[in-house]
Engineer: 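Before we start, here is the structure in question, set down as structure tokens.
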Amino acid sequence: MTQLYLLPAEEARALPAAFCARWFPARVRRAGKMPPDTAALCLAAGALIAGVLHLHEDALRAGQYGKPCAPGVFFSLSHSGGYALLATAESDVGADLERVRPAPERVAARVFTPDEQCWLADSTDYDTRFFTLWTLKEALLKTCGRGLTLPLQSLDVLPLLRGQSVQTPDGAFFGSTQQLDGYCLAVCTRTPGAPTAPQRLTSADILRACGFSRQTTESL
């Protein structure tokens, strides 16, 4: 079963510095060079890996096309706006989260198929449909693990909205999408079926799952 976890950026800001340095020191260093909002999302992604997967940062490896991975674990990360998202599954999985905002219409012709462009145009909510398609494509590419080595326009994701599979060079994949608090969230896997409802976590949940209290992290 595919499970989803959300961590708000403000919860990442509430994590003790010693905890972050213990579990994902490289992210802490990268976050120190980022604007505050981006830094919080970077730390939130690391916190999800620690709190849900119980993995230290040094357990992760980059796949052939750069996707983070760990032996025997299937997961996908995304972040946008005020949330970081983690999807876990029993086989290949890809997830994408995007805050719905004014969509650049000039981009549609470059990344969507003609059928997708027709579906997009036939709506009174252009922005939501744009990011519905966009997140499905991103999630599909993440599931394959290929990133943008597959052109976005080469993948028609409309069948996923009908519960059908999409064929890629790496096999057939299924997907689902949902709207959540002004965001579009999409997940793709090798098997049909919608994921569980996203579980919203707090900094306290993360610390508890890792066996840390604020008092113990302060002593590290």
Side-chain angles (χ1 to χ4, degrees), residues 1-6 45 62-69 73-81 83-198:
M1 178 178 292
T2 303
Q3 296 182 298
L4 303 176
Y5 304 88
L6 282 170
Q64 181 179 359
Y65 299 98
K67 180 181 179 180
C69 58
V73 182
F74 299 96
F75 70 94
S76 182
L77 284 167
S78 184
H79 53 69
S80 178
Y83 292 99
L85 168 73
L86 173 69
T88 65
E90 297 173 351
S91 62
D92 295 324
V93 60
D96 193 55
L97 179 72
E98 290 287 346
R99 179 175 56 84
V100 177
R101 53 196 186 275
E105 295 187 20
R106 66 183 184 279
V107 173
R110 300 204 308 267
V111 300
F112 297 142
T113 67
D115 285 346
E116 289 171 338
Q117 292 180 54
C118 289
W119 181 81
L120 180 61
D122 185 26
S123 172
T124 58
D125 193 348
Y126 182 93
D127 297 333
T128 297
R129 284 204 172 188
F130 179 97
F131 285 106
T132 294
L133 293 175
W134 182 272
T135 54
L136 278 171
K137 284 179 182 279
E138 288 282 349
L140 183 57
L141 290 174
K142 289 182 178 181
T143 312
C144 299
R146 288 176 174 263
L148 291 177
T149 60
L150 282 178
L152 288 171
Q153 201 174 38
S154 70
L155 300 169
D156 186 344
V157 295
L158 287 178
L160 300 178
L161 296 173
R162 301 190 291 267
Q164 301 167 348
S165 65
V166 167
Q167 189 68 36
T168 76
D170 299 285
F173 295 91
F174 295 85
S176 63
T177 184
Q178 57 184 286
Q179 276 72 55
L180 177 74
D181 297 343
Y183 291 78
C184 284
L185 188 164
V187 179
C188 288
T189 59
R190 289 189 178 274
T191 56
T196 61

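Sequence positions, counted from 1, serve as the residue numbers for this chain.
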Engineer: With a 4.5 Å limit on heavy-atom distance, are the side chains of Glu116 and Lys137 in contact?
Structural biologist: yes
Engineer: Counting C-beta onward and ignoring hydrogens, is there a side-chain heavy-atom pair between Val166 and Asp156 closer than 4.5 Å?
Structural biologist: no
Engineer: Check whether any side-chain N or O of Arg101 sits under 3.5 Å from a backbone N or O of Arg99 as a donor-acceptor pair, and report yes or no.
Structural biologist: yes
Engineer: For Gln179 and Cys184, work out which heavy atoms get closest and say how close.
Structural biologist: NE2-SG, 3.5 Å
Engineer: If I take atom OG from residue Ser76 and atom NZ from residue Lys142, how far apart are they, to the nearest 0.5 angstrom?
Structural biologist: 4.5 Å
Engineer: Show your working on side-chain hydrogen bond (donor to acceptor under 3.5 Å, both in side chains) between Thr143 and Asp92 and close with a plain yes or no.
Structural biologist: CA-CA 6 Å; Thr143 312; Asp92 295 324; over 6 Å; no
Engineer: For the side chain of Gln153 and the backbone of Ala109, is there at least one donor-acceptor N/O pair under 3.5 Å apart?
Structural biologist: yes
Engineer: Going by the side-chain hydrogen bond (donor to acceptor under 3.5 Å, both in side chains) test, name the single residue among Thr124, Asp125, Thr132 that passes it with Thr128.
Structural biologist: Asp125
Engineer: Is any side-chain heavy atom of Leu141 less than 4.5 Å from a side-chain heavy atom of Leu155?
Structural biologist: yes
Engineer: Is there side-chain contact between Trp134 and Asp96, with at least one heavy-atom pair below 4.5 Å?
Structural biologist: yes
Engineer: So for atom CD, which belongs to Glu90, do other residues, nucleotides or ligands contribute more than 12 heavy atoms lying within a distance under 6.0 Å?
Structural biologist: no
Engineer: Let me confirm one number: the CD-CG distance from Gln117 to Asp122, rounded to the nearest 0.5 Å.
Structural biologist: 13.5 Å
Engineer: For the residue pair Gln3 and Thr196, what are the closest heavy atoms and their distance?
Structural biologist: CA-OG1, 3.4 Å
